[in-house]
Colleague: 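This is the structure I want to talk about, given as structure tokens.
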There are 2 protein chains.
Amino acid sequence: MLYVCPMEFDEAKNKFIQNWGRLGSSWGINKTMAQIHALLLISPNILSTEDIMEELKISRGNANMNIRALIDWGIVTKEYKAGERRDFFSAEKDIWEVGRRITQERQKREVEPVLRILNQLKTIEGKSEEEVAFKSAITDLEAFTTSLNGVVDKFVKSDEHWFYKSLLKFVK
Amino acid sequence: MLYVCPMEFDEAKNKFIQNWGRLGSSWGINKTMAQIHALLLISPNILSTEDIMEELKISRGNANMNIRALIDWGIVTKEYKAGERRDFFSAEKDIWEVGRRITQERQKREVEPVLRILNQLKTIEGKSEEEVAFKSAITDLEAFTTSLNGVVDKFVKSDEHWFYKSLLKFVK
DNA sequence: CTGAACTTTCAATTATTATTGAAACTTATT
DNA sequence: AATAAGTTTCAATAATAATTGAAAGTTCAG
């Protein structure tokens, strides 16, 4: 077993935030939004907009908009602190719940519109060779998407326990 | 039941290509790449670079780069036509296979690097309150990602029949 | 009602990513 | 070997998306 020099905490924290941001970008979630989420996820206490601005070195407008988006997605909540007027925020700490929420939102925003379109495109007549090929591709795609939709829906509606158990069984 | 006027084929084709492109964009796949894929998916015959350029009104460079990317991803193949010197292309028509390939590539390119980083960040000492919270978040995240990785891996390695059967069982 | 503390908005700017097109390169034909 | 047909590359440009910051909007205490 190789000895690995333990990292400085600040270095580790930074590395995590940066990489979570990068992952977000490649999955259609804006970088800052993912970074704010990362920061809140690892913070033991609730944070104010100022705290977030300072930690991530971003502007007030940027912080505000992305915090709001996170609240919209249901993975960050506004918190109140006794004797303090400004808002504080905290992230959902249960990562399975975070996964469910993100899945649900993206499903709703991106997959469902496409499914509606596929359904509409199915009505095309299949006369020429081109039309037959088109119809067949659309039909397959719709069946595929609907299947995945089904799994995703189960996941989203499941309580963690149920899902986790099924998942284990499934993977076996 | 409402009567829906059947669409013109060209209109339908266009709508499909545009929307597949949009979906691609929001899932980290570039628009043109997704559009070329859509076009090949619904074409009964193999297409040349010129055909693709013309249909999508894109430049040669753009067409070339994105066709190559699709080949890299393993969902488009170069085809040869008797008596023709230039290259032709066709897309994998089995949509489950396409799903597996895309999943595998994104897994390899995006999820695995993050998993490596999480694994490395776990070595942090948990002394201060901050460090304990960090360690706990990282540990949870790694467990979650590893679980999902497991399902994805099964999916990628499965033959369609196996996966489809399991999926049905899973969704029930 | 007034002013201070705080939040939100949005036009302008900056950063990122995709696309073009012409030149360089490769391969096949005579 | 010369030419033609086809392909690839990549610096320049265009399109898209994120970010800033200052002004406008809210809310609350006195």
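A note on names: the letters A, B, ... follow the listed sequences, proteins ahead of strands, and every chain is numbered from 1.
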Colleague: Please tell me which of the listed nucleotides, dT7(D), dT7(C), dT19(D), lies nearest to the side chain of Arg60(B)?
Modeller: dT7(D)

Colleague: May I have the distance from Gln35(B) (atom CD) to dA18(C) (atom P), rounded to whole angstrom?
Modeller: 13 Å

Colleague: OP1 or OP2 of dT8(D) sitting under 4.0 Å from any side-chain N/O of Asn64(B)?
Modeller: yes

Colleague: What is the separation between atom CD on Glu84(B) and atom P on dT29(C), rounded to the nearest whole Å?
Modeller: 12 Å

Colleague: Roughly how many Å is it from NZ in Lys57(A) to P in dT20(D), rounded to a whole number?
Modeller: 12 Å

Colleague: Side-chain contact, heavy-atom cut-off 4.5 Å: Ile71(A) with Thr77(A)?
Modeller: no

Colleague: Does OP1 or OP2 of dT9(D) have a side-chain N or O of Arg68(B) closer than 4.0 Å?
Modeller: yes

Colleague: Please report whether the ring centroid of Phe88(A) lies less than 6.0 Å from that of Tyr80(A).
Modeller: no

Colleague: Check this for me: Lys31(A), atom NZ, are more than 12 non-hydrogen atoms of other residues, nucleotides or ligands nearer than 6.0 Å?
Modeller: no

Colleague: Measure CG/Asp87(B) against P/dA5(D) and give the value in whole Å, please.
Modeller: 16 Å

Colleague: For Asp51(B) and dG6(D), give me the distance from atom CG to atom P, rounded to whole Å.
Modeller: 12 Å

Colleague: Distance criterion of 3.5 Å, no angle test: do you see the side chain of Arg85(A) paired donor-to-acceptor with the base of dT27(D)?
Modeller: yes

Colleague: Below the 4.0 Å mark, does dT19(C) have OP1 or OP2 next to a side-chain nitrogen or oxygen of Thr32(B)?
Modeller: yes

Colleague: With a 4.0 Å cut-off on N to O distance, would you call Lys135(A) and Glu131(A) a salt bridge?
Modeller: no

Colleague: Taking atom types as they are modelled, is there a donor-acceptor pair under 3.5 Å from the base of dT7(C) to the side chain of Arg86(A)?
Modeller: no

Colleague: dT7(D) P sits how many Å from Ile58(B) CD1, rounded?
Modeller: 14 Å

Colleague: Round to the nearest Å and state the distance from Tyr80(A) atom OH to dC6(C) atom P.
Modeller: 14 Å

Colleague: Which is it for Glu50(B) and Arg86(B) under the salt bridge (Lys or Arg N to Asp or Glu O under 4.0 Å) test, yes or no, and what are the steps along the way?
Modeller: CA-CA 10 Å; Glu50(B) 278 76 18; Arg86(B) 67 215 156 119; 3.5 Å; yes

Colleague: Looking at Asn30(A), I'd like to know whether one of its side-chain N or O atoms comes within less than 4.0 Å of OP1 or OP2 on dT16(C).
Modeller: no

Colleague: Which nucleotide sits closest to the side chain of Asn62(B): dT19(C), dT7(D), dT8(C)?
Modeller: dT19(C)

Colleague: Could you state the CE-P distance from Met33(A) to dT19(D), rounded to the nearest angstrom?
Modeller: 12 Å

